[in-house]
Visitor: 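Supplied in structure tokens, the structure appears directly below.
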Amino acid sequence: MYDLIAEIKRDNIIQTLKAGKRVDNRGFDEYRPIAVEVGVGEKAEGSAIVQIGKTRVMAGVKLAIGEPFPDMPNSGVLTTNAELRPLASPTFEKGPPGEDTIELARVVDRGIRESECIDLEKLCRVEGEEVWIVFIDLHILDYDGNLFDACELGAISALVDTRLPKVEDGMIIYKEKTDERLPIKDLPVETTFAKIGDNIVVDPILDEEQVMDARLTVAYTKKGDICAMQKGGVGTFTEKEILEVIDRGLEKSKELRKHIPFKEV
Amino acid sequence: MYDLIAEIKRDNIIQTLKAGKRVDNRGFDEYRPIAVEVGVGEKAEGSAIVQIGKTRVMAGVKLAIGEPFPDMPNSGVLTTNAELRPLASPTFEKGPPGEDTIELARVVDRGIRESECIDLEKLCRVEGEEVWIVFIDLHILDYDGNLFDACELGAISALVDTRLPKVEDGMIIYKEKTDERLPIKDLPVETTFAKIGDNIVVDPILDEEQVMDARLTVAYTKKGDICAMQKGGVGTFTEKEILEVIDRGLEKSKELRKHIPFKEV
Amino acid sequence: MYDLIAEIKRDNIIQTLKAGKRVDNRGFDEYRPIAVEVGVGEKAEGSAIVQIGKTRVMAGVKLAIGEPFPDMPNSGVLTTNAELRPLASPTFEKGPPGEDTIELARVVDRGIRESECIDLEKLCRVEGEEVWIVFIDLHILDYDGNLFDACELGAISALVDTRLPKVEDGMIIYKEKTDERLPIKDLPVETTFAKIGDNIVVDPILDEEQVMDARLTVAYTKKGDICAMQKGGVGTFTEKEILEVIDRGLEKSKELRKHIPFKEV
Amino acid sequence: MKVGEPERLIIDGKRLDGRAFDELRPIKIEAGVLKRADGSAYLEWGGNKVMAACYGPREVHPRHLARPDSAILRCIYNMAAFSVSDRKRPGPDRRSVEISKVTREALEHVVFTHLFPRTAIDVFIEILQANAGTRCSGITAASVALADAGIPMADLVPACAAGKVGGEIVLDLNDVEDNYGEADLPVAITPKKGEVTLLQMDGNFTREEFEKAFKLAIKGCKKVHKIQKEALRKKYGGT
Amino acid sequence: MKVGEPERLIIDGKRLDGRAFDELRPIKIEAGVLKRADGSAYLEWGGNKVMAACYGPREVHPRHLARPDSAILRCIYNMAAFSVSDRKRPGPDRRSVEISKVTREALEHVVFTHLFPRTAIDVFIEILQANAGTRCSGITAASVALADAGIPMADLVPACAAGKVGGEIVLDLNDVEDNYGEADLPVAITPKKGEVTLLQMDGNFTREEFEKAFKLAIKGCKKVHKIQKEALRKKYGGT
Amino acid sequence: MKVGEPERLIIDGKRLDGRAFDELRPIKIEAGVLKRADGSAYLEWGGNKVMAACYGPREVHPRHLARPDSAILRCIYNMAAFSVSDRKRPGPDRRSVEISKVTREALEHVVFTHLFPRTAIDVFIEILQANAGTRCSGITAASVALADAGIPMADLVPACAAGKVGGEIVLDLNDVEDNYGEADLPVAITPKKGEVTLLQMDGNFTREEFEKAFKLAIKGCKKVHKIQKEALRKKYGGT
């Protein structure tokens, strides 16, 4: 069923791209409108709703106190989870996370982790015994393509929105948030390009994703370094295409980063 | 397949009810014969087999020592589980508990919990550290309708049958039961009515359950207060019907409670 | 599909057996060539690859430090797991272990446990608090029949190959192995016979297993005592056959034991 | 007494959040907020934030679940991990399985399932923020999402709870009242005929208290119904 | 030495529960005790309490499991949470999966599965109270339940264990003997032909001890067989 | 600084294991090592030991996964419990699910799936010993196993990682370099056309470092390709 739709759409999308246009009239390097709203969840320590076009993701940060990993005794723990909820798409199913969900969560996680976005050592409370656990949960509400970028943006926005709760006798009083923020060191941003036929476009909508040959996601630090990459799809990229995508993505990452509601101290 | 049987039965059951009778010749407010036997399991701290007509349930209480919930540091823990074993019905399947099983266990649990049947604070051993955990397990052996009432009766009977095991150095010696009983404060009883067409009858047999529009279970305390309710089924009740069921159920609850083998101290 | 193949093979195998031969020209009491290689895994504390004919199993021993069971406070813990990996056979499927896998692991475990192969009390570090946990993992790589004998031989070989890792402050330094060995007290060996029609043969290949009526596995200690048995399959054995199998198996067990690379101290 | 329990829940005849006994928390419903879903609704109700979506009628997988004479209605109620103070582990738990079941039973009565044999109508409820009354919020929102999807229905289904708090019968319990109050009674109705499609209760009511609370809950449902209709009017016009 | 281990298991040539070496614990079997099942049996054997039920021949779900030339026999052995001292977590564990398998293999030989192609015969065994020997109890009860369901069989299948306790070969180990004894050997047979359909062993036997225990177990099976027949006679009459 | 972290990873312009920056660890590949699999390969690459097997084209279960116009390729990457220092719990985890996915995507491009509609080609990769670079080892071995199974392919797929360690761009990171280095970049290519079928990265690269590492990884892939061809030549002859 899906394949049939895809065939017709594929023709249309490719023809349009050959003519130098996209089916929704955007430029090849143009993102859809982006909206980021933070502070949308009172039970979460930090939260954000991100919309890229019609794609909508809610990100929530919850904090807990727990034990560090044995090989990182003075480091807080970060864990990222995504839920492709069945309300977001007719193709998402209930049940345990599938490979797409797991890949999404892991790539978002790598962007955050490898950029050293959070200074995890500052989240140590008692070395080897007690550290902050940071849970980032990504709740996909409406799926119109490019979940990677929306989720990364949501995760970072929720992190910068986070305020630590009060702690008494080692127990968290969730109802009382302090003014203390997470120790944010960097603001990684991911940009995703889709290769469709011979063309490569940023921020694919769902229709484009359904016909794309391959996908390349690159995460950038504030400085412009590369901190994570993930190719997806059965198609291939040439060496040249990969280097091009990196350069085009860097420009777009600067645009995206402006949407993160972060004020330097 | 089931639906076909249901249609024929439905006609017969409804016609019989219109004539003011039930297919098994009971009155609308008449329970099937009830038998409660306690002390049937030597490995359980308390146990009971309850039969309501051909419906048969074995309830067992096991005790363990564990930690209290953080927000209830001086309170024992109660947990109720039901198993609709596949030997009890051709429609019960192996595998993890389904929604019917979960609803059953949770409604029985609410009857016990909300009536404050057990004085959980008396089950605290060391505040914040060590409390009694009370496991109630309901094992459905033969399913001929009205599991809610049979399970609640079984659970309460097993609870009043329970004797605490000996404890040495914080470890339970299960083989040696003491004379100490659970701190029983109330004896909640559930009564269930089925609405079939325009008639509402107590203690539905399986055939009646298969054709009923809706079900209403009400749990009563000894004093006659209401401590839990659960409507089931796709059909509806009117306001008036609900109030009627509550009054009819109260009378039946007194009958049922007599089957609990509990002697006031 | 399988049944069809089985029927043709069954005829051939039974006719051959009636003529006093086996389809691969072995004697009724003759094992296929056996090869045992130990020390094949640098990350495991002990390891072995066992081949019996084309059947190939890798066994690995991992050690951890954990708590003893409450009723055995001064005893180490042994746990045996088998994985029938889907690369080993077109009929093995991904997913949680099925009943064949579980039976295999449990029978191998019983051979080890009941022969008191390992002196578990010597694996106690702090009574009631800290003991060595011995994980034996059996990874089936190529399945051409008789997994029981191959796995038992692999498990024992990996156990005798095991060297304890260094421990500092209660934490294991896996990279540094000490010269200390597991306290090996016995070398149990399992021998498996298949009954096909009226004949009983040792070390069945897969083709024989597919047509066999029943299977009998016997585990022997060094002294020649019997420490575990398991009959499998829908067919039956007579009393006489069972006693015969035990005697024939004892002889074979002596052969198999020679493959265990163990030097008495 | 539980950790964090306030000393009194009713002070000078008023509730801690200042509401009168029969006063609802503020409710906001918006219909048609999601692109992919066939119908959707976003609801804020006091501190609850709920997204509901409807897909269908559509093919049933696996097929043996399909009914030859009607659509099957399926509901999944789910709480986001960050919707509660103690992070909820993703995936269904016993509570959400039960709520999914009673939600389906609360809604199915009004849906004309017989018009769509062999299909499924799926309702998904996501609790993005929880503050007592999530099942009533979910049913209320789901009902609007079903209407937004154009599913023929005999009526909307509004839901609302009443309860007992500090000895008083009050409408629409909030977080603190639910945790430390004496009883909670969620109800859903079909406003046209006044039939009850959801009824659960836990706590302690005398017979009289129950009747009072029950009638209060139904009154609450009727107020909620107006807000549902308003949301649909806002999107689709009409009276 | 394990926690709770008694000093001796045999005192003055007698077992701790006073039984002779070749003496069974008391056994009671009742056939046809459940309404819904096609066949059933309740068994008490020493401290074991077991309910067994049989359903079938009936349709197979999922269908690809069906065999074109015979019925499939399926067995599930399950322990109730309260059947043992340390509460057993509900659901199958590795032990119960293995016992389900050997139980099926112990029973299938006698069932005329070829009379019912494309169907399933399901056997369910519930251990309500456990006191050593539950698998033999289960097979014994299941065999009666199959007969009660009218499933054609070549024979009944009685089961019984023998073992080594305090150096002695004894019949039908109880809890304490099983925990602290030296060996356990459960056996099931088809009494008419004397074939062995179940054989498992763990512990330590010399060749001679094994033979002695094995023959004792078979003797036990034959005694159990009488009690099985008696139970069926009691329900169905005949000799 | 993590527990166990060495002070320096590059000493006097050399890596801790003595390799030059652009030097691969020793690689050994043997094709056709398993009896049951349709194709197989055993690979040792530094401290990695990997067994890969291929089954198919074969029937698809469950059938609804089959494609009318092509075979489906399925990959499972699995680590043996004893392949790593801290025993890995058996069964798939999030990491292995992701690697299975990117492995499939790395291989599928070269397989002529359209020749075998409605079938499945299954690739299984077992990591028997892990020492950084298991995904590249797995893809490399799987590609040989596919060829050994006679699956028509446009090309072999070699894989190799480059990374940044102690500030230097180096080829084929080992365990210690992977744990304590600054970046890792696994790449797989189709040598004939030079297309990239796998690309992942984590760590920190400047734009220039990335380009250098990327090109180094591709060079590594080409060296690996020679060893793959050699392994197949050894089994099948030819040039």
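Naming: A, B, ... by sequence-line order, numbering from 1 per chain.
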Visitor: What I want to find out is whether A:Arg26 reaches A:Asp24 closely enough, with some N-O distance under 4.0 Å, to be called a salt bridge.
Guide: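 Salt bridge between A:Arg26 and A:Asp24, a charged N being under 4.0 Å from a carboxylate O: yes.
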Visitor: For D:Ile227, is there any backbone N or O sitting under 3.5 Å from a side-chain donor or acceptor partner on D:Glu230?
Guide: no
Visitor: When you look at D:Arg15 and D:Ile10, which way does the side chain to side chain contact (heavy atoms under 4.5 Å, CB included) test go after all the steps?
Guide: CA-CA 5 Å; D:Arg15 300 156 75 175; D:Ile10 305 288; 3.9 Å; yes
Visitor: With a 4.5 angstrom heavy-atom cut-off, could you sort out which part of D:Asp175 is near chain A: side chain, backbone, both or neither?
Guide: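 Contact with chain A: side chain only.
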Visitor: Quick one: what part of D:Lys49 sits under 4.5 Å from any heavy atom of chain A, side chain, backbone, both or neither?
Guide: side chain
Visitor: Given heavy-atom pairs under 4.5 angstrom as the criterion, report whether the side chain, backbone, both or neither of D:Val33 touches chain A.
Guide: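 Contact with chain A is through both the backbone and side chain of D:Val33.
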Visitor: When you check the gap from the basic side-chain N to the acidic O, do A:Arg22 and A:Glu208 get nearer than 4.0 Å?
Guide: yes
Visitor: Of the listed residues (A:Val40, A:Ile173, A:Leu87, A:Asn81), which shares the most heavy-atom pairs with chain D below a 4.5 Å separation?
Guide: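 It is A:Leu87.
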Visitor: Would you say the side chain of A:Leu78 lies within less than 4.5 Å of the side chain of A:Phe135, judging by non-hydrogen atoms?
Guide: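 No, their side chains stay 4.5 Å or more apart.
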Visitor: Counting only non-hydrogen atoms closer than 4.5 Å, does D:Ser85 touch chain A with its backbone (N, CA, C, O), its side chain (CB onward), both, or neither?
Guide: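 Both the backbone and the side chain of D:Ser85 come within 4.5 Å of chain A.
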Visitor: When only heavy atoms count and the cut-off is under 4.5 Å, which of residues 94-104 of chain D reach chain A?
Guide: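 Against chain A, none of the residues of residues 94-104 of chain D fall inside the cut-off of heavy atoms under 4.5 Å.
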Visitor: Check whether D:Leu128 gets within reach of chain A through its side chain, its backbone, both or neither, counting any heavy atom under 4.5 Å.
Guide: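 The answer is both parts of D:Leu128.
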Visitor: Tell me whether A:Arg215 is salt-bridged to A:Glu103, with the criterion being a basic N under 4.0 Å from an acidic carboxylate O.
Guide: yes
Visitor: Given the options A:Met58, A:Glu83, A:Glu45, which has more heavy-atom pairs under 4.5 Å with chain D than any of the others?
Guide: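 Of the options given, most contacts go to A:Met58.
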Visitor: Tell me, for A:Ala64 versus chain D, whether the close heavy atoms (under 4.5 Å) come from the side chain, the backbone, both or neither.
Guide: neither
Visitor: Does the pair D:Lys235/D:Asp148 count as a salt bridge with the N-to-O cut at 4.0 Å?
Guide: yes
Visitor: Output the residues of residues 143-159 of chain A for which the shortest heavy-atom distance to chain D is under 4.5 Å, in residue-number order; output 'none' if no such residue exists.
Guide: A:Tyr143, A:Asp144
Visitor: Does A:Asp161 use its side chain to pair, donor to acceptor, with the backbone of A:Ser47 at less than 3.5 Å?
Guide: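 Yes.
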Visitor: Highest number of heavy-atom pairs under 4.5 Å with chain A: which of D:Ile76, D:Asn78, D:Val123?
Guide: D:Asn78
Visitor: Are D:Lys164 and D:Asp184 ion-paired here, with the side-chain N under 4.0 Å from a carboxylate O?
Guide: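 D:Asp184 and D:Lys164: not salt-bridged.
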Visitor: Looking at A:Asp142 and D:Arg36, is any side-chain nitrogen of the basic one under 4.0 Å from a carboxylate oxygen of the acidic one?
Guide: no
Visitor: Is any side-chain N of the basic residue among A:Lys166 and A:Glu168 closer than 4.0 Å to the acidic one's carboxylate O?
Guide: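 The answer is yes: the pair qualifies as a salt bridge.
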Visitor: Crowded around A:Glu67 CD? As in, over 12 foreign heavy atoms under 6.0 Å?
Guide: no
Visitor: Between the side chain of D:Asn48 and the main-chain N/O of D:Asn131, is any donor-acceptor distance below 3.5 Å?
Guide: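 Judged by distance alone, yes, a pair lies under 3.5 Å.
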Visitor: For the pair A:Lys43 and D:Asp86, find out whether any cationic side-chain nitrogen is under 4.0 Å from an anionic carboxylate oxygen.
Guide: no
